[in-house]
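Both ligands and their constituent atoms are indexed starting at 1 by order of listing. Position 1 is the first residue of the sequence; numbering continues from there.
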Amino acid sequence: MPSNNLLLEEPIRMASILEPSKPTFFPAMTKIVGTLGPRSRSVEIISGCLNAGMSVARFDFSWGDTAYHQETLENLKIAIKSTKKLCAVMLDTIGPELLVVTKTEHPISLLADESVVLTPDQDKEATSNLLPINFSGLSKAVKKGDTIFIGQYLFTGNETTSVMLEVTDVDGEDVVCQIKNSAILARQLYTLHVSQIRIDLPTLTDKDKEVISTWGARNNIDFLSLSHTRGAEDVRHARDFLSQLGDLGQTQIFAKIENTEGLTHFDEILHEADGIILARGNLGVDLPPEKVFLFQKAALYKCNMAGKPAVVTRVVDSMTDNLRPTRAEATDVANAVLDGSDAILLGAETLRGLYPVETISIVGKICAEAEKVFNHNLFFKKVINYVGEPMSHLESITSSAVRSAIKVKASAIICFTSSGRAARLIAKYRPTMPVLSVVIPQLKTNQLRWTFTGAFEAKTTNATSESALKVALDYGKAHGVIKSHDRVVICQKVGDSAVVKIMELED
Ligand SMILES: Nc1ncnc2c1ncn2[C@@H]1O[C@H](COP(=O)(O)OP(=O)(O)O)[C@@H](O)[C@H]1O
Ligand SMILES: C=C(OP(=O)(O)O)C(=O)O
Ligand SMILES: [K+]
Ligand SMILES: [Mg+2]
């Protein structure tokens with residue numbers, strides 16, 4: 001088969017497609033991020049999500065207050081305990097997001113070809129011809145002919161509640177628009193996206209800072225999803241802010257690329273960030289539809305070569321209201337994995353959708369099938385070539401660990417790590433088997449104070465170091481990843497040198 005990313009050397013036997021897949025412990029190696037909200041905040045549903053394969057929970061502060069999200073998080077903690085599944089916590093910022101401010105409960109109907117005024121005067125009532133918004137600088141930012149898109153919070157692009165507007169006039173602080181399609185704004189929260197226009201608001205707003213320093217610090221968030229990242233400076237600024245908040249210095253920053261400005265500065269953002277979220281919801285509005293695939297492929301390639309995780313969003317919009325994805329969506333999920341995506345982020349589907357658990361389960365199954373035909377060998381070679389020589393000691397060891405594990409058909413790689421660096425480098429080389437990371441907390445000092453690195457990630461156990469390997473083996477066995485007589489590859493530091501060991505288990 002000529003396709004580069006696919007591992008289908010022989011012409012595939014069509015009947016083999018119908019054979020049921022073997023059940024596995026990991027629904028997929030591709031991680032699934034679920035946004036938690038009204039439809040996914042009970043212990044029962046969250047447990048279902050964890051069992052179905054959600055491994056990161058996203059809390060979107062564009063919506064809800066800290067008390068609301070805390071309640072959801074407490075339920076998540078209970079669900080983690082009872083299901084024994086690990087799940088990371090991601091805080092998603094508001095950033096320079098524009099909102100339609102409605103006080104009325106009545107649906108507002110917008111008619112094609114009519115005109116509507118966007119005003120910063122929030123005391124006005126929203127009507128079919130007047131929509132108050134939370135930003136007074138819009139009239140200065142836009143010009144005649146610009147496109148404005150209004151969608152229900154977490155718009156899916158699949159709804160009759162989104163509307164496209166064209167700017168026809170600017171009148172003081174008001175923006176006059178022509179309505180391009182009829183729509184009914186029927187719920188509370190609507191976001192407004194101005195295509196290809198810079199909104200002069202900070203990427204990390206005061207509200208975001210307040211939420212991070214209270215809710216974020218209290219809950220030791222694993223990831224910050226930095227909405228509307230537009231340049232490397234945004235990431236540096238967020239990192240400075242986190243570093244002043246004790247343990248949050250270890251929080252990973254995932255920059256969300258959701259507008260053309262972020263796209264233009266992609267390389268420098270990737271350099272500063274720990275990971276990238278390809279926010280196709282918003283970016284998909286900013287880009288001409290025929291260019292979206294190109295962004296996805298280019299961005300995933302760059303992330304893969306840099307060894308930084310990439311997250312693709314908005315994959316199964318139609319599952320917000322339906323039990324099955326469309327054929328196009330199902331194919332899109334698999335293609336995202338084949339393009340090199342590390343994770344899939346579900347938004348409206350889990351937050352307000354009717355089938356959060358089923359959505360996670362189906363997406364996980366599609367990812368797992370795609371992973372089976374992912375050409376790891378070719379990927380490995382591409383990364384090795386890209387990194388070149390000389391390689392850092394640690395990278396040379398971690399890439400060798402992956403190579404050895406594949407060569408000896410190991411069932412798992414066990415990695416000892418303190419900062420997570422070694423584990424991430426292993427993941428960079430895309431092993432075909434699960435990686436069990438044993439986080440060994442380390443006491444470090446920077447002259448000013450002592451800190452524990454890893455204390456934060458070490459969630460499962462506080463075993464002493466001699467038994468750490470046993471803990472990992474027992475965990476692997478208990479979860480069906482490792483069986484007697486299997487081979488495992490171990491990657492660890494002994495003294496100052498990093499080593500790879502191949503171990504054949506007895507029983
Ligand atoms: N078999 C083992 N049992 C317990 N601890 C181990 C074992 N092998 C390595 N370690 C410890 O695990 C830690 C890994 O940390 P480090 O190598 O600094 O990881 P990273 O660079 O990924 O942060 C080191 O402190 C190392 O001594
Ligand atoms: C994930 C996205 O945005 P939000 O954080 O607003 O859900 C997106 O635009 O794809
Ligand atoms: K957000
Ligand atoms: Mg958003």
Chemist: Please work out, at 4.0 Å between heavy atoms, whether the side chain, the backbone, both, or neither of T313 comes within that distance of ligand 2.
Modeler: side chain
Chemist: Using heavy-atom distances only, which candidate in D92, V285, N282 approaches atom 6 (O) of ligand 2 most closely?
Modeler: N282
Chemist: Can you list the atoms of ligand 2 that are under 4.0 Å from a heavy atom of L154?
Modeler: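 What qualifies from ligand 2 is 7 (O).
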Chemist: So is I440 polar-close to ligand 1, meaning N/O to N/O under 3.5 Å?
Modeler: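 In fact, backbone or side chain, I440 has no N or O that close.
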Chemist: Are the side chain of D474 and the backbone N or O of V471 linked by a donor-acceptor pair below 3.5 Å?
Modeler: no
Chemist: Rounded to the nearest 10 degrees, what's the angle OD2 of D60 makes with OG of S62 at the K ion (ligand 3)? Could you check?
Modeler: 80°
Chemist: List ligand 1 atoms under 4.0 Å from T417, heavy atoms only on the residue side.
Modeler: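 Near T417, meaning under 4.0 Å from one of its heavy atoms, ligand 1 has 14 (C), 15 (O), 19 (O), 20 (P), 22 (O), 23 (O).
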Chemist: For atom 5 (O) of ligand 2, which candidate among K256, E258, R314 holds the nearest heavy atom?
Modeler: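 Ranked by closest heavy atom to atom 5 (O) of ligand 2, first place is K256.
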Chemist: Distance under 4.0 Å to a non-hydrogen atom of A422: what atoms of ligand 1 satisfy this?
Modeler: 22 (O)
Chemist: State yes or no: are the ring centers of F149 and F155 separated by less than 6.0 Å?
Modeler: yes
Chemist: Looking at H479 versus Y475, is the centre-to-centre ring distance below 6.0 Å?
Modeler: yes
Chemist: Going by the angle between their ring planes, with limits at 30° and 60°, are W215 and F59 parallel, tilted or perpendicular?
Modeler: tilted
Chemist: Quick one: which ligand 2 atoms are inside 4.0 Å of a heavy atom on G281?
Modeler: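 Under 4.0 Å from G281, ligand 2 has these atoms: 8 (C), 9 (O), 10 (O).
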Chemist: Report the part of R58 (side chain from C-beta onward, or backbone N, CA, C, O) that has a heavy atom under 4.0 Å from ligand 2; answer both or neither where that applies.
Modeler: side chain
Chemist: Heavy-atom distances under 4.0 Å are what count here, so tell me which part of A468 touches ligand 1: side chain, backbone, both or neither.
Modeler: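 Only the side chain of A468 comes within reach of ligand 1.
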Chemist: Rounding to 10°, state the angle centred on the K ion (ligand 3) that links O in T93 with OD1 in D92.
Modeler: 70°
Chemist: After noting the C-alpha distance and the side-chain angles of D200 and R198, does the key distance pass the salt bridge (Lys or Arg N to Asp or Glu O under 4.0 Å) rule?
Modeler: CA-CA 6 Å; D200 203 7; R198 180 175 220 286; 3.7 Å; yes
Chemist: Is ligand 1 under 4.0 Å from a heavy atom in the side chain of L469, in the backbone, in both, or in neither?
Modeler: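 The answer is neither; L469 stays 4.0 Å or more away.
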Chemist: In ligand 2, which numbered atoms sit nearer than 4.0 Å to a non-hydrogen atom of R280?
Modeler: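 Listed by number with element, the hits are 10 (O).
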Chemist: Under 3.5 Å, is there a donor-acceptor pair linking the side chains of D60 and Y153?
Modeler: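 Their side chains do contain a donor-acceptor pair, which is all the 3.5 Å distance test asks for.
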Chemist: Could you walk me through whether E233 and R236 satisfy the salt bridge (Lys or Arg N to Asp or Glu O under 4.0 Å) test, starting with their C-alpha distance in whole Å, then the side-chain angles of each, then the deciding distance to 0.1 Å, before giving a yes or no?
Modeler: CA-CA 5 Å; E233 191 48 38; R236 284 193 285 270; 3.0 Å; yes
Chemist: Applying the side chain to side chain donor-acceptor pair (under 3.5 Å) criterion to D332, which one of R280, R327, Q296 satisfies it?
Modeler: R280
Chemist: Do S227 and K256 have side-chain atoms, one donor and one acceptor, less than 3.5 Å apart?
Modeler: yes
Chemist: Looking at K31, R430, K308, which one forms a salt bridge (Lys or Arg N to Asp or Glu O under 4.0 Å) with D342?
Modeler: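 So the option named by the test is R430.
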Chemist: Decide whether an N or O pair under 3.5 Å exists between L278 and ligand 2.
Modeler: no
